[in-house]
Participant: 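Pasting a structure below so you can have a look.
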Amino acid sequence: MYCEWQKETVVIFKQPEEEKGEYTKRSCSRTPWELKDKCITLDDVDFGGGEKCLKWGSSCYFGRMTIPEGVKVTTYKGWDCSGSGRVFNYEKDKSTDFWDYWSRKCFFQVEIAPSYKCGCNWQYVPRKKKKKNCSKKKKKQPCTRKKRKNQP
């Protein structure tokens, strides 16, 4: 069995607390399963109408986030998800503030926290067992393959 986020569970990405500049939105939320195991650049995060509220021109302007239980977010400075990133985990009723003008985070990666056991924000989903490959020599058991449904 493995854990899968329910659709109402979200990570909220926010500008630094200072909230400078003129933006129509200061934050956005995404479900962890939309972002899971992907390296996301702030250039990829669009809030509608072409506005990238976590950018200030070509600079990154991402400084806070609210992380749901069971979620781990690793932030990276620079232009990819390589090297050692700064890891953030769920903290109850708390927005994580990591803004540093001189060390801006431009990439992030969302994962299931390794030590997390499925709880109220999660649902258990049984893993399907893989069917053995049928060879021409074995004709006793027919080989049937079911298509897996694509998960979000």
Participant: Assess the side chains of S27 and Q15: does a donor N or O sit below 3.5 Å from an acceptor N or O?
Facilitator: no
Participant: With a 4.5 Å heavy-atom cut-off, do E111 and T74 have their side chains touching?
Facilitator: yes
Participant: Identify whether NZ of Lys or CZ of Arg in R104 sits under 6.0 Å from the centre of the six-membered ring of Y101 and within 45° of that ring's axis.
Facilitator: yes
Participant: In the structure I gave you, are the side-chain heavy atoms of T96 and I67 within less than 4.5 Å of one another anywhere?
Facilitator: yes
Participant: Side-chain heavy atoms nearer than 4.5 Å, only ILVMFWY residues, links allowed to pass through others: does that put W56 and F107 together?
Facilitator: no
Participant: When the aromatic ring centroids of W99 and F62 are compared, is their separation below 6.0 Å?
Facilitator: no
Participant: How long is the span from the OG1 atom in T31 to the NZ atom in K36, to the nearest 0.5 Å?
Facilitator: 11.5 Å
Participant: Is there side-chain contact between Q109 and K38, with at least one heavy-atom pair below 4.5 Å?
Facilitator: no
Participant: Working to the nearest 0.5 angstrom, can you tell me the gap between R64 CZ and I12 CD1?
Facilitator: 10.5 Å
Participant: Can you find a pair of side-chain heavy atoms, one from T41 and one from C106, that are under 4.5 Å apart?
Facilitator: no
Participant: Taking it one step at a time, do K14 and T66 satisfy side chain to side chain donor-acceptor pair (under 3.5 Å)?
Facilitator: CA-CA 8 Å; K14 306 173 189 177; T66 302; 3.0 Å; yes
Participant: Looking at E17, I'd like to know if its CD atom is crowded, meaning that more than 12 non-hydrogen atoms belonging to other residues, nucleotides or ligands lie closer than 6.0 Å.
Facilitator: no
Participant: Is there a side-chain contact between V110 and K72 (heavy atoms, below 4.5 Å)?
Facilitator: no
Participant: Do the cysteine sulfurs of C81 and C39 sit under 2.5 angstrom from one another?
Facilitator: yes
Participant: Would a single hydrophobic cluster contain both L54 and F88, if residues Ile, Leu, Val, Met, Phe, Trp and Tyr are joined by side-chain heavy-atom contacts under 4.5 Å?
Facilitator: yes
Participant: Among the clusters formed by ILVMFWY side chains lying less than 4.5 Å apart, do F108 and Y61 turn up in the same one?
Facilitator: no
Participant: K20 and R26: which non-hydrogen atoms are nearest, and at how many Å?
Facilitator: O-NH1, 2.9 Å
Participant: Check whether any side-chain heavy atom of K52 sits under 4.5 Å from a side-chain heavy atom of L42, and report yes or no.
Facilitator: no
Participant: Which value, rounded to the nearest 0.5 Å, describes the distance between F13 atom CZ and L35 atom CG?
Facilitator: 5.0 Å
Participant: Hey, mind stepping through C28 and C53 against disulfide (SG to SG under 2.5 Å) and telling me if it holds?
Facilitator: CA-CA 9 Å; C28 82; C53 81; over 6 Å; no
Participant: Tell me yes or no: between the side chains of K105 and S103, is some donor less than 3.5 Å from an acceptor?
Facilitator: yes
Participant: Could you pull out all residues at least two apart from Y23 that satisfy ring pair (Phe, Tyr, Trp, His ring centres under 6.0 Å)?
Facilitator: none
